[in-house]
Amino acid sequence: MSSIRFKSSETFLKVITRYKESMLSGGMKFKPVRFQGRAIVTSEAMAEKFYSFESSVKLVSRLEMLRDWMLKELSAFGKGELDAPWVDQQLDLMEPEDLQRAYQRLKRKQKGKTHTFNDFEQEREILARMVVSDRLKPLRKWIKSLRFVDIRQLYAHLFSDQAQMERLLGDEALPAQWDEIGKMTLRRLKSQELAYEDITPYLYLRELMLGFHINSNIRHVIIDEAQDYSAFQLAFMKRLFPRAKITALGDFNQAIYAHSSVLSGTGPLTNLYGPDNTEVIELTRSYRSTREIVEFTRGMVPGGEEIIPFNRSGEKPKVIVSSDAERHMNVITTDLKHLIKEGYESVAVICKTAEESRDVHAALSKVLPTAPKLIKKTTLAFEQGVHVIPAYLAKGVEFDAVLIYDGSAEQYAQEHERKLFYTACTRAMHLLHVYCVGTPSPFITAQSEEWYDLGKVSAAQVD
């Protein structure tokens, strides 16, 4: 969590920007150019050449100058390979169509003349140049695209040198558990993996080093579900579209992802263009749910008292407590059968995790007349009927009736789970039932009991 918060922050964006500036005086990482196990240009030679350019030249311009130098080195290397034994081996394996291709190449180079391969030395030279050129073509492409800059090692170095990170942070403090963050990041990079929270910083560093690809034609950007973006991602977005205005829409009470926890309300959004160039419009009226559901759920989040329910009434949310898992599942099954009979078109059983959703789906499929639909991240559309869905995938959708599979304190008690629970409950338009095995979540019990009906399931009721 500490790693996610740090890598998603504006502070880390500033660190990477300063890191890039520090590359002008030292610290660049390069990949050597190799051919058949031999180094054509070593990483040390590349670094020496890079820092031999005028210090006033921009970093990207230096890389382009280095690229041109390396292409010349590659060309000189190719000329030296014309008489190499491996070239003769390739010539012996040439097919007739290869010879024809070489002849056409010679014909294009010396227009207007009649040529035949009647001179062995001439023929071998033409063919050898073609063979060497073809074999070095991937390396030329690799160099032209600046892939010799070792972005992975540059990013890794940020997490392997604590003294450097402290310098780049300036007045800011190292994040908590810095040693563990560094080890975890380096371990993933070594396995050629990037965690989600590393993707934007990694891409940002790459863009800074190799040249930023911006779009000046886009004049307006609309960001939906803005609460799901980190401060780093929002700042990166602004950099990608430098001439665009931004409209960002979001409900910060539904900021359920760890990386979005760095967004404290609209602050980071306001900072993008400054308070004078930012207008904040707060929409406080809720139209999705009944008055009773809104009155119940608004007590779960800070500032929820400002949420105004639409004047549409229904039954109070129910909190049903069971003493064991068997009774718990039985009462949910009975409730689902009743809701189906009552004609509810869309019913969601919202679980906390994908694993729990799979287990609940399997259990319900055995007892319901029609198997419910299991919603996964690959699901493209919702249909009518009963759905089993993890809470983090329920954001942005709505159902006639929602059954929270387990709203107990064991499942939802940590502060970082508050908004996830709130989001799950607010998916209900007409009916909300929260089932608990044991003690209900403190996000429920902290409220006045006037906002919900509390019931306990006995063995007789289940039977």
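The figures that follow rest on heavy atoms only: side chains count, while hydrogens, waters and symmetry mates do not. Counting from 1, the numbers follow the sequence of the chain as shown.
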Considering residues, nucleotides and ligands other than [X], do more than 12 of their heavy atoms fall under 6.0 Å from its [atom1]?
X	atom1	value
Lys238	NZ	yes
Arg147	CZ	no
Gln36	CD	yes

Flag side-chain contact, heavy atom, 4.5 Å: [X] against [Y]:
X	Y	answer
Val132	Gln90	no
Leu431	Asp400	no
Trp69	Val41	yes
Pro372	His361	yes
Met28	Val149	yes
Ile332	Ile320	no

Closest heavy-atom pair and its distance - [X], [Y]:
X	Y	answer
Ser43	Pro32	N-CB, 3.9 Å
Glu417	Ala413	OE1-N, 2.9 Å
Ser289	Ser286	N-OG, 4.3 Å
Ile40	Glu73	CG2-O, 4.3 Å
Ser357	Pro390	OG-N, 3.2 Å
Val319	Cys436	CG1-SG, 4.0 Å

**Request:** Please list, chain by chain and in numerical order, all residues satisfying side chain to side chain contact (heavy atoms under 4.5 Å, CB included) with Val60, sequence neighbours excluded.
**Result:**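 Val60: side chain to side chain contact (heavy atoms under 4.5 Å, CB included) contacts with Glu64.
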**Request:** Report the residues that fulfil side chain to side chain contact (heavy atoms under 4.5 Å, CB included) with Asp83, sequence neighbours left out, ordered by chain and then residue number.
**Result:** Arg124
**Prompt:** Per the side chain to side chain contact (heavy atoms under 4.5 Å, CB included) rule, which among Ile375, Ile389, Asp406, Leu393 passes with Ile350?
**Reply:** Ile389
**Trace of the ring pair (Phe, Tyr, Trp, His ring centres under 6.0 Å) decision for Phe35 with Trp86** = CA-CA 12 Å; Phe35 179 75; Trp86 71 266; 5.5 Å; yes
I'd like to know if the side chain of [X] reaches the main chain of [Y], judged simply by a donor and an acceptor atom lying under 3.5 Å from each other, with no hydrogens or angles considered.
X	Y	value
Glu197	Ser8	no
Ser3	Ile181	no
Arg18	Leu168	yes
His328	Tyr405	yes
Thr278	Pro275	no
Arg312	Arg288	yes
Ser133	Met130	no
Asn215	Phe241	no
Ser75	Leu71	no
Ser2	Ala176	yes

Against the six-membered ring of [Y], is [X] placed for a cation-pi contact (under 6.0 Å from the centre, within 45° of the normal)?
X	Y	result
Lys7	Phe159	yes
Arg62	Phe50	yes
Arg239	Phe212	yes

Nearest-0.5 Å distance, [atom1] of residue [X] to [atom2] of residue [Y]:
X	Y	atom1	atom2	value
Ile246	Asn277	CD1	CG	12.5 Å
Tyr229	Asp224	OH	CG	8.0 Å
Thr297	Leu432	OG1	CG	8.0 Å
Phe148	Trp142	CZ	CH2	8.0 Å
Ile199	Leu194	CD1	CG	6.0 Å
Glu450	Lys316	CD	NZ	7.0 Å

**Message:** With side chain to side chain contact (heavy atoms under 4.5 Å, CB included) as the criterion, how do Gln447 and Met300 come out once you've worked through the C-alpha distance, each side chain's angles and the decisive distance to 0.1 Å?
**Reply:** CA-CA 8 Å; Gln447 302 183 63; Met300 298 177 183; 3.6 Å; yes
**Message:** Could you go through Tyr204 and Thr17, starting from their C-alpha distance and side-chain angles, then the distance that decides it, and tell me whether this counts as side chain to side chain contact (heavy atoms under 4.5 Å, CB included)?
**Reply:** CA-CA 9 Å; Tyr204 181 65; Thr17 303; 2.9 Å; yes
**Message:** The criterion is salt bridge (Lys or Arg N to Asp or Glu O under 4.0 Å); which residues satisfy it with Glu292, sequence neighbours excluded?
**Reply:** none
**Message:** Under a 4.0 Å threshold between the charged nitrogen and the carboxylate oxygen, would Glu415 count as salt-bridged to Arg418?
**Reply:** yes
**Request:** Would you mind checking if Arg135 and Glu81 are paired as a salt bridge, meaning a charged N to carboxylate O distance below 4.0 Å?
**Result:** no
No-hydrogen, no-angle side-chain donor-acceptor test under 3.5 Å, [X] and [Y]:
X	Y	result
Thr379	Lys373	no
Gln227	Glu225	yes
Thr423	Tyr392	no
His220	Thr247	yes

Please work out which of the three classes, parallel, tilted or perpendicular, describes the rings of [Y] and [X], given edges at 30° and 60°.
X	Y	result
Phe12	Tyr155	perpendicular
Phe399	Phe382	perpendicular
Phe421	Phe443	tilted

**Request:** Check the pair Ile218 / Arg243 against side chain to side chain contact (heavy atoms under 4.5 Å, CB included), numbers first and verdict last.
**Result:** CA-CA 7 Å; Ile218 300 297; Arg243 300 185 66 184; over 6 Å; no
